[in-house]
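Only one structure is covered here, and it is reproduced in the block below.
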2 protein chains.
Amino acid sequence: MTPPTDPARRAPLSRERVLRAAVALADGTGIEALSMRRLAQDLGVVPMALYKHVANKEELLDGMVDVVVGGIGSPDLDPGWRAAVRGRILAAREALRSHPWALQVIRSRNGPTPALLAHMDAVIGSFRNGGFSVDLTHHVMHALGSRLLGFTQEVFDAPAAAPHPRPPEPDAALGQLAERYPYVAELAGASAHDDGSVVGRGCDDQLEFEFALDLLLDGFERLRHEGWTSAPAGGQAC
Amino acid sequence: MTPPTDPARRAPLSRERVLRAAVALADGTGIEALSMRRLAQDLGVVPMALYKHVANKEELLDGMVDVVVGGIGSPDLDPGWRAAVRGRILAAREALRSHPWALQVIRSRNGPTPALLAHMDAVIGSFRNGGFSVDLTHHVMHALGSRLLGFTQEVFDAPAAAPHPRPPEPDAALGQLAERYPYVAELAGASAHDDGSVVGRGCDDQLEFEFALDLLLDGFERLRHEGWTSAPAGGQAC
DNA sequence: ACCTGAACACCGTTCAAGT
DNA sequence: ACCTGAACACCGTTCAAGT
């Protein structure tokens, strides 16, 4: 496979080299193929050697998240809260785009990594500097949810990354689908872009994402302008 | 453990019994503890006996999803699109509430199960009957994303279900957090309800969920009223 | 014909033995 | 002191042998 370099001479293992190799492995063969044993094999070392640089697999995943999230660029100037938030979220989308496993791994973590905290801090700061109250900022951050990281959370994951792709439906099954789920069939028929899944990949594309993002940003601006507060009666609601 | 009933006399295995036991196991000990071997043990049978009723673990998970999603009640009358959609989504939230693993498992499936299709068909139907064009319905379904099932997709999963809960941050770490991520700290300080995670569980509660849902529904109504269309220039965008 | 124990090819991690 | 092979306790699934 690799050119015949002397394995004993290869670059010494380091945390960074381990993390970069793990990201490459997940990119190339999917997150479910990422095992400590397989990663060690890719690096040409014995599995136990990895445990010098990461405490366990959890810490490895944390490190991978920070490698990817750390790559989110920050827009330089502050062009108003809306453009700042929009730009940062679309930058996150760009950074995560080539790492389909990243969102799923982030979700499985128990807490934020430093790079994630930095990203959230920047977005929160844009809201606050744009005149959002702490209360409203709190709510809009929740409303954004995983869209903070540039991804619409669809009901199903991207079938592209699926290890066991569904076989294409036979025509009879499609007919049955139309009969039993007429509205689903109508929608699937109208959007000629995908294979029949209504809320699947294929359509989590830029336009679709920006539609939902702008809808939310419009709503945020309206609430900000109205001086919205969560507890008209006085008490903190959440 | 169990009363001394004759194991040979226990109810014969059936697909339904297998699925119900799997749901109970995932509810009780978490989805990561659900293995074919452990499930077989709970049922007092040899692991291979399960493969009579489900082809493999994937099909087992599909079946579990349908058990839970099949429990979503449907509001009887049609009280206008907004109340119908709102009611159905909150019913989904109720049905999934006691099965924290369900959303994650649904997301990992490659396609919809029958019960999921039925749920989506009902929601789509409410939009269409409420005067939404196919085009707009398609977009708002995407904008809802996993909120269709009653859950705001937060950046992190609920730490409640986490197998390795984070130890509470020492005070020094909290101080550092405030210094490095001032906006995160401000938000965390203002919301006294949780342990410092900004976009974690603890706050995905009913009010928070309904805030985001109503914000979206408001936006949908506005677009419907304006006769919004995705392609002002003529072409189908997505 | 039916059922099932052993086996296969994995996994993350521990630990004692070797250098 | 450092490194690592073997081992432990798992996993989903195959398959041949037993009834």
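Every chain is numbered from 1, with letters handed out A, B, ... down the list of sequences.
Side chain of B:Asp121 to backbone of B:Ile124: no donor-acceptor contact under 3.5 angstrom is found. A donor-acceptor pair under 3.5 Å is formed between the side chain of A:Ser146 and the backbone N or O of A:Phe151.
Remark: C1' of D:dG12 and CD of B:Glu32 are 17 Å apart, rounded to the nearest angstrom. Summarising the geometry, the separation between CD on A:Glu59 and P on C:dG12 is reported as 15 Å, rounded to the nearest angstrom. B:Leu34 places its CG atom 12 Å from the C1' atom of D:dC11, with the value rounded to the nearest Å. Atom CG in B:Leu43 sits roughly 17 Å away from atom C1' in C:dT4 (whole-Å rounding). In this structure, A:Ile31 places its CD1 atom 14 Å from P of C:dC11, rounding to the nearest Å. For the pair A:Leu13 CG and D:dC2 C1', the computed distance is 15 Å after rounding to whole Å. With rounding to whole Å, A:Glu58 atom CD is found 13 Å from C:dT13 atom C1'. Rounded to a whole Å, the OH atom of A:Tyr51 is 17 Å from the P atom of C:dA16.
Of the candidates D:dC11, D:dG12, C:dT13, the closest approach to any side-chain atom of B:Arg38 belongs to D:dC11. Closest contact between the side chain of B:Ser35 and the listed nucleotides D:dC11, C:dT13, D:dG5 involves D:dC11. Nearest to the side-chain atoms of B:Lys52 among the listed nucleotides C:dC3, D:dC11, C:dC11 stands C:dC3.
Residue-environment remark: CD (B:Glu16) stays at or below the threshold of 12 foreign heavy atoms within 6.0 Å.
A salt bridge does not link B:Glu210 to B:Arg93: none of the charged side-chain nitrogens sits closer than 4.0 Å to a carboxylate oxygen.
Counting non-hydrogen atoms under 4.0 angstrom, A:Met48 reaches a base of the nucleic acid.
At the phosphate of D:dT13, neither OP1 nor OP2 sits under 4.0 Å from any side-chain N or O atom of B:Lys57.
Taking atom C1' in both D:dC11 and C:dA7, one finds a spacing of 14 Å when rounded to whole Å.
Base-pair partner of C:dC15: D:dG5 (Watson-Crick or G-U wobble, both distances under 3.5 Å).
If A:Asn56 and B:Val46 are placed on DNA chain C by their nearest nucleotide, the residue sitting closer to the 5' end is B:Val46.
Between the side chains of A:Thr113 and A:Asp62, not a single donor N or O lies within less than 3.5 Å of an accepting N or O.
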